[in-house]
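Computed over heavy atoms, backbone and side chain alike; hydrogens, waters and symmetry mates excluded. All ligand and atom numbering here is 1-based and tracks the order in the structure.
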Amino acid sequence: MSDSKPLHDSNWPQHDWPVLEPGWVWLCGAGPGDPGLLTLHALNALRQADVVIYDALVQETILNWAPQADHIYAGKRGGKPSAKQRDISLRLVDLAKEGKRVLRLKGGDPFVFGRGGEEGQTLVQHGIPIRIIPGISAGIGGLAYAGIPVTHRDVNQSVTFVTGHDQSGNATDSLDWQAISNGSQVIVIYMGMKHIAHITAQLLEAGRPASEPVAIVTNATTPHQQVLETTLDTCVRDIEKSGIEPPAIICVGRATSMRQVLDWQGQLKGERPRNLDPLGRGRPAESV
Ligand code: SAH
């Protein structure tokens, strides 16, 4: 750091923290919800920004960590008409050209179904310098808060992240569900609630078992987190019955059963593990 004035007070962790210079835009992930899942780079950015442009799923507590900055909402939810992507990108360009220190704060990770790539591209095309700060994506961190390991040695050596709908809100016809089904024991679906009937039908048709476990985690990592445990063939009915609503991460695969032993949030509330060996290995997990 070339600045003689220290960026942060002495309580701040010692590191050569980057300076958010006027005219720059930092594209930053805010994590899935729980403010504690923010990275230190994100906090460093919040402390320096003149303006924070944030998305729908960014928690208010996180914004409160940038009291000196203007907060601009640029939320888009589930294909509903709201701020247009192009307008958001151009707004970022304008603010940077005004000499602002701009923090673009997006839910989860900016490059995971977050259009961070498009915004970054527009900025670079307009000659604006950028920095990318990754975040914990809901499809990993959100499942972890539900006690679901996104990979588990007994279940999967790969995982596929898919989005349930395309830019216009329609079901993604470009996805080859047969190939996904064959190639991935665990499938993590973002933005899948609207087209869940279509998605489960495709997976069943591709040969996935009707009894395959599915977990749906809504408002993951927030105080409103809910987890619905179901199966491929009962999923649609159970969602209707439960009345749960997006934002939701849907996880298809046997790894979801691990929640029976790893639901640490339930255990915090005094619940007992339902099954110490949900995959039926019949031996201690570390014995091999
Ligand atoms: N960039 C984000 C994803 C943006 S797309 C990330 O990396 O997490 C928005 C979708 O992400 C939502 O429709 C939902 O499927 C998922 N999502 C984001 N935050 C979530 C949360 N707290 N709980 C459940 N799903 C979430």
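Residues W26 and I130 are not in side-chain contact: their nearest non-hydrogen atoms beyond the backbone lie 4.5 Å or more apart. Side chains of I187 and R208 form a contact here, defined as non-hydrogen atoms less than 4.5 Å apart.
No continuous path of hydrophobic side-chain contacts links I250 to M258 [ILVMFWY only; heavy atoms under 4.5 Å]. The hydrophobic cluster containing L228 does not contain V150, counting ILVMFWY residues as joined when their side-chain heavy atoms lie under 4.5 angstrom apart, directly or transitively.
Rounded to the nearest 0.5 angstrom, E212 CD and C235 SG are separated by 11.0 Å.
Close approach to F113 involves these atoms of ligand 1, each under 4.0 Å from a residue heavy atom: 4 (C), 5 (S). Less than 4.0 angstrom separates some heavy atom of L57 from each of these atoms of ligand 1: 18 (C), 19 (N). In summary, the atoms of ligand 1 found under 4.0 Å from a heavy atom of N219, numbered by their order in the structure, are 22 (N), 23 (N), 24 (C).
Looking at N44 and H8, their side chains do bring a donor and an acceptor atom within 3.5 Å of each other. Side-chain contact annotation: D263 with Q267, donor-acceptor N/O pair under 3.5 Å absent.
The shortest heavy-atom distance from T221 to ligand 1 is not under 4.0 Å. In this structure, G142 does not count as a contact residue of ligand 1, since none of its heavy atoms falls inside 4.0 Å of the ligand. Under the 4.0 angstrom criterion for non-hydrogen atoms, G107 is in contact with ligand 1.
Checked against a 3.5 angstrom limit, the closest N/O atoms of T218 and ligand 1 fall outside it. At under 3.5 Å, not a single nitrogen or oxygen of V217, backbone or side chain, sits near a nitrogen or oxygen of ligand 1. Residue G139 has no N or O atom closer than 3.5 Å to an N or O atom of ligand 1. Polar contact with ligand 1: present for A248 (N/O pair, distance under 3.5 Å). The shortest N or O to N or O distance between S137 and ligand 1 is below 3.5 Å.
Here K97 does not pair with D94 in a salt bridge; the nearest charged N to carboxylate O distance is not below 4.0 Å.
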Could you go step by step and tell me if Q85 and E119 meet the side-chain hydrogen bond (donor to acceptor under 3.5 Å, both in side chains) rule?
-> CA-CA 8 Å; Q85 186 58 50; E119 292 180 13; 2.8 Å; yes
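The residue among M193, Q226, M191 with a heavy atom at the shortest distance from atom 9 (C) of ligand 1 is M191. Checking A138, G31, P246 against atom 17 (N) of ligand 1, the nearest heavy atom belongs to A138.
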